[in-house]
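Worksheet: one structure, shown below.
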There are 2 protein chains.
Amino acid sequence: MEAIAPAKSLVEKTYDALLDAICAGEFRPGERLGQDEVAERLNVSRQPVNSAIAMLKAQRFVIDTGRRGVIVAPVDRQLFESIYQVRSAIEPLAVELATPRISPEAIKRGREIVARGTRLMQSNDPSGVLQADIDFHTLIYELSGNAIIVDTMRLNWQHLRRSMGEVLRFPGMTFQVWKEHRAIFNAMVSGDAADAAAKMRSHITEAPRRVVREA
Amino acid sequence: MEAIAPAKSLVEKTYDALLDAICAGEFRPGERLGQDEVAERLNVSRQPVNSAIAMLKAQRFVIDTGRRGVIVAPVDRQLFESIYQVRSAIEPLAVELATPRISPEAIKRGREIVARGTRLMQSNDPSGVLQADIDFHTLIYELSGNAIIVDTMRLNWQHLRRSMGEVLRFPGMTFQVWKEHRAIFNAMVSGDAADAAAKMRSHITEAPRRVVREA
DNA sequence: TCTCGGAAACTCGTATACGAAATTCGAAAT
DNA sequence: ATTTCGAATTTCGTATACGAGTTTCCGAGA
C-alpha cells in the first residue's frame with residue numbers, strides 16, 4: 001500500500017539533496033555554493049541546480065551575494081526565535097484541530113514515536129532524537145488536516161535543524177521534553193483538546209529556554 | 001529614500017508575472033499553462049518559465065498533471081479554511097509583537113491605510129479594498145519583526161486573493177471590517193497589546209462567516 | 001617591496017538544442 | 001460509421017552553448 005512514487009525530476013532531487021546537505025551542516029554557513037561544483041557532485045547539469053537554488057533562495061536557505069552566486073545562509077538567531085514565536089501560536093492550534101481527528105493507527109504511530117524518542121534519549125543519539133521530535137510534531141500537523149500548517153512547518157523544521165545542528169543540546173534533547181510529548185499525546189488520545197493544546201503551548205513556550213543561548 | 005532596486009532576474013520577473021496573473025484570475029483554474037505559450041507572452045525563453053513554474057508548483061498555485069505540464073490549481077475551499085485557521089492563530093500573535101514596536105511613521109501609514117480602505121469601500125471598489133486589506137495586515141506583519149510571519153502570510157494572501165476573486169463579496173468588503181481594523185489599530189497605538197490581539201482574534205474568527213459559502 | 005592596470009579565467013543567467021514521453025490525427029479495417 | 005493502430009506533432013525535462021559581468025593573477029612601474 002505504498003503511495004505511488006511520483007518519479008522525482010532532477011530539479012526536485014537536486015533541491016532535496018541540497019536542502020538536506022545544508023540543514024545537516026554539510027555545507028557550512030557562509031560557504032559559497034557554486035553551480036558547477038554542485039552539478040558535478042550530483043552528476044547533473046547546471047540547469048536543475050540553477051532551479052533548485054532559486055527555490056532555496058526564496059526560502060532563505062541561501063543568500064544571493066549579487067556578484068558570484070549564492071552562499072549558504074548564516075544560522076540566524078533571529079530566525080530561530082521567529083520560528084518559535086510562530087510555533088507558540090501554531091502548535092496549540094494544530095493540537096486542537098488534530099485531537100478530534102485522531103485515529104487508531106495515529107494513536108499507534110504516536111505512541112511508537114514517543115517510545116522511540118525516549119529510547120534514543122537514553123542511548124544518547126542526538127540526531128535520532130531530533131528526528132523523533134520532528135516526527136512527533138509532524139504527526140500532529142498531518143492529523144490537523146490543515147495543509148498550510150503541514151507545508152509551513154516542514155520548511156520551519158528544516159531551519160530549526162540548522163539551528164540545532166550548531167548547538168549539541170537542543171530543545172528536544174531532554175527527558176522533560178519527552179515526558180511532555182507523552183502527556184500531550186495522552187491528552188489528545190483522551191479527547192481533551194483544550195488540555196492538550198494548553199500542554200502544547202507551555203511545551204513550546206518553555207523549549208527555547210532550554211537551549212544554550214549565544215549571539 | 002527608495003530601497004535600491006535589486007535588478008530582478010527573468011526568473012523572478014516571470015514568477016511574479018505568473019503568480020499575479022493566476023491570483024488575479026487571468027488564468028482560470030484548471031487551465032493548462034504551456035511553457036512555450038508563457039515564454040512567448042512574456043518574451044523570454046522557456047528556461048526562466050520552467051524555473052518559475054517549479055516554484056509555483058511547490059507553493060500549490062499550479063498542479064503537476066504528470067503528463068503534459070501543469071494546470072492552474074483549482075480554487076480550494078479547504079485551502080481557504082486552512083488559511084483562516086492559521087490566521088486565527090498568527091494574526092493575534094503578530095499584533096502582540098507589533099504593538100510595542102510601533103513607530104510614528106507606522107502610525108501614520110496605518111491610519112492612511114484604514115482611511116483608504118474605508119474610502120474605497122464607499123466608492124465600491126472591491127479590488128482596491130482587497131489591496132487595502134492586504135496592506136493593513138501586512139503592515140502589522142512587518143511591524144512584528146518576525147520574518148517568518150511576513151513570508152508565510154505573503155504567500156497565504158496570494159491564495160486568498162484567488163479565493164476572494166471567485167466571490168464578489170469577500171471578508172474585507174464590509175464596513176464592519178474596516179471599523180474593526182480601525183479599532184485594532186487604535187488599541188495598538190495606545191499600546192494595549194492584549195486588547196488589540198483580542199480584537200484581532202475576533203476579527204479573524206468572524207471574517208469567514210461573512211463570505212458567501214459555496215462548495 | 002608595494003601598487004596598479006589589464007588580460008585571462010571563472011561563474012552566472014539565459015538562450016538554444018536535443019531526446020523522450022505523450023497526445024493527436026488520419027487511414028485502414030470492421 | 002466506428003474503431004484501432006501507428007506515425008507525426010506537441011511539449012516537457014535536461015543538456016549544452018553563449019554572452020556579460022567579476023574576480024583573479026601577474027607583470028610593469030613607483
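A, B, ... follow the sequence lines: proteins, then strands. Residue 1 opens every chain.
- Checking B/Arg32 against A/Leu10, the closest nucleotide of DNA chain D that is more toward the 5' end is the one next to B/Arg32.
- Note: CD1 (B/Ile71) to C1' (C/dA22) measures 16 Å, nearest angstrom.
- Listed by residue number, A/Arg46, A/Asn50 are the residues of residues 45-56 of chain A with a heavy-atom contact under 4.0 Å to DNA chain C.
- The distance from atom NZ of B/Lys13 to atom P of C/dT14 is 8 Å, rounded to the nearest whole Å.
- Spacing between atom NZ of B/Lys57 and atom C1' of D/dC12 amounts to 10 Å, rounded to whole angstrom units.
- The cationic atom of B/Arg182 (NZ for Lys, CZ for Arg) does not lie both less than 6.0 Å from the six-membered ring centre of B/Phe185 and within 45° of the ring axis.
- Atom-to-atom, CG of A/Leu33 to P of C/dC10 comes out at 19 Å; the value is rounded to the nearest Å.
- Separating the CD atom of A/Glu40 from the P atom of D/dT14 is a distance of 19 Å, rounded to the nearest angstrom.
- Within a 6.0 Å sphere centred on CD of A/Gln78, other residues, nucleotides and ligands contribute 12 heavy atoms or fewer.
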Test B/His159 against B/Phe80 for ring pair (Phe, Tyr, Trp, His ring centres under 6.0 Å), laying out the working first. CA-CA 8 Å; B/His159 282 294; B/Phe80 177 85; over 10 Å; no

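- By the 30° and 60° cut-offs, the orientation of the rings of A/His137 relative to A/His181 is perpendicular.
- Residue B/Lys8 contributes atom NZ, which lies 22 Å from atom P of C/dC12 at whole-angstrom precision.
- When each of A/Arg67 and A/Val11 is assigned the nucleotide of DNA chain D with its nearest heavy atom, A/Val11 is the one assigned upstream, toward the 5' end.
- Under the 4.0 Å criterion applied to side-chain N and carboxylate O atoms, B/Arg162 and B/Asp76 are not assigned as salt-bridge partners.
- For the residue pair A/Glu12 and A/Ser9, a side-chain donor N or O sits within less than 3.5 Å of a side-chain acceptor on the partner.
- Contact check, B/Arg68 against D/dT10: no side-chain N or O comes under 4.0 Å of OP1 or OP2.
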